[in-house]
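We number each residue from 1, following the sequence as shown.
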Amino acid sequence: HGRSIAEIILSNEPSAKITFVDRNARAGETVLGFPVVPAAEFPAQYRALVTIGDNLQRKKVFETLNHECMDARISSRSYIGPLSRIGKGTTIHPLSYIEEDVVIGKNCQIGPFARIRKHSRIKDDVIVGNFVEVNRSTIGKGSKAKHLTYLGDTMIGENANIGAGTIVANYDGKVKSKTYIKDKAFVGSGSILVAPVTVGKGSMTGAGAVVTKNHNVPAGKVVIGIPA
């Protein structure tokens, strides 16, 4: 796990310095070819912190380090797949699962308990919260999906809000289709979007709405009900 994290950091910044923090480290020790230092000696210029070890050790490391110097924080209780990239200022919260070839931008909040599946793209300033699954999808800058959501084959624009319990029904048993959620759209809690469908710019779906396939929501409009 530690090596995978180190490889991700080095793929983004080949000149980066990688150091493991261990409260029991001795001078000159290495792990996986990287130097190990006690928490109290962690260099302030280092910009990414990966928490490793038991809960007590993690707590002590965080208490010791100056968080303001960090560019990325990745919990050791999360999985990061190969060929994935994580931007500066992003936090990967515990028990999140990031699959291979995922790109996450700057200043994002991922998890806890989030799953980002392979080939997904998360732009800057995005929040993907607890129990949200993103599958072969793109989430635009500043957009949010905070709770209990499935986004499959979905292209989301900027500053959109995806309400709790939203489901994108991208598979009809034969074909997987795409859904487009445009800039500043607001998808109400419990909405079901049946692909293929487009939710227009600045539009809104009411809580519990079912938007059926090919019944696109026009820009700036509000739709409610079943079907919406």
Hphob cluster co-occupancy, [X] + [Y], side-chain heavy atoms under 4.5 angstrom:
{"X": "I192", "Y": "V132", "result": "no"}
{"X": "L95", "Y": "F131", "result": "yes"}
{"X": "V168", "Y": "V197", "result": "yes"}
{"X": "I104", "Y": "I127", "result": "no"}
{"X": "I156", "Y": "M204", "result": "no"}

Just by modelled atom types, is the [Y] backbone N or O under 3.5 Å from a matching donor or acceptor in the [X] side chain?
{"X": "S203", "Y": "K201", "answer": "no"}
{"X": "S120", "Y": "R136", "answer": "yes"}
{"X": "E99", "Y": "R117", "answer": "no"}
{"X": "S75", "Y": "H93", "answer": "no"}
{"X": "T205", "Y": "S191", "answer": "no"}
{"X": "T179", "Y": "V194", "answer": "no"}
{"X": "N107", "Y": "D125", "answer": "no"}
{"X": "S143", "Y": "N159", "answer": "yes"}
{"X": "T138", "Y": "M155", "answer": "no"}
{"X": "D183", "Y": "E158", "answer": "yes"}

[X] [atom1] to [Y] [atom2] distance, which is reported to the nearest 0.5 Å:
{"X": "I110", "Y": "N130", "atom1": "CD1", "atom2": "CG", "value": "12.0 Å"}
{"X": "S137", "Y": "I116", "atom1": "OG", "atom2": "CD1", "value": "9.5 Å"}
{"X": "Y180", "Y": "D153", "atom1": "OH", "atom2": "CG", "value": "9.5 Å"}
{"X": "T166", "Y": "K146", "atom1": "OG1", "atom2": "NZ", "value": "13.5 Å"}
{"X": "N216", "Y": "L193", "atom1": "CG", "atom2": "CG", "value": "11.0 Å"}
{"X": "Y171", "Y": "S177", "atom1": "OH", "atom2": "OG", "value": "11.0 Å"}

For this session: Please test V134 against V102 for side-chain contact (heavy atoms from CB on, under 4.5 Å), starting from the C-alpha separation and ending with a verdict.
Result: CA-CA 10 Å; V134 181; V102 168; over 6 Å; no

Exercise. Are any non-hydrogen side-chain atoms of P82 and E100 less than 4.5 angstrom apart?
Worked result: yes

Problem set entry | Salt bridge present between K141 and D124 (N-O < 4.0 angstrom) | no

Looking at every non-hydrogen atom in both residues, tell me the closest pair between [X] and [Y] and how far apart they are.
{"X": "A228", "Y": "A209", "answer": "CB-CB, 4.1 Å"}
{"X": "D101", "Y": "S84", "answer": "N-OG, 3.4 Å"}
{"X": "S78", "Y": "I92", "answer": "OG-CG2, 3.8 Å"}
{"X": "K213", "Y": "A195", "answer": "CB-O, 3.5 Å"}
{"X": "A114", "Y": "G129", "answer": "CB-O, 3.6 Å"}
{"X": "K182", "Y": "T198", "answer": "CE-CG2, 4.0 Å"}

Problem set entry | Worked check of side-chain contact (heavy atoms from CB on, under 4.5 Å) between N170 and Y150 | CA-CA 10 Å; N170 61 319; Y150 175 71; 3.4 Å; yes

Problem set entry | Within 6.0 Å of CZ in R85, more than 12 heavy atoms from elsewhere | no

Problem set entry | Working for side-chain contact (heavy atoms from CB on, under 4.5 Å), residues K123 and I139 | CA-CA 6 Å; K123 305 299 184 179; I139 302 180; over 6 Å; no

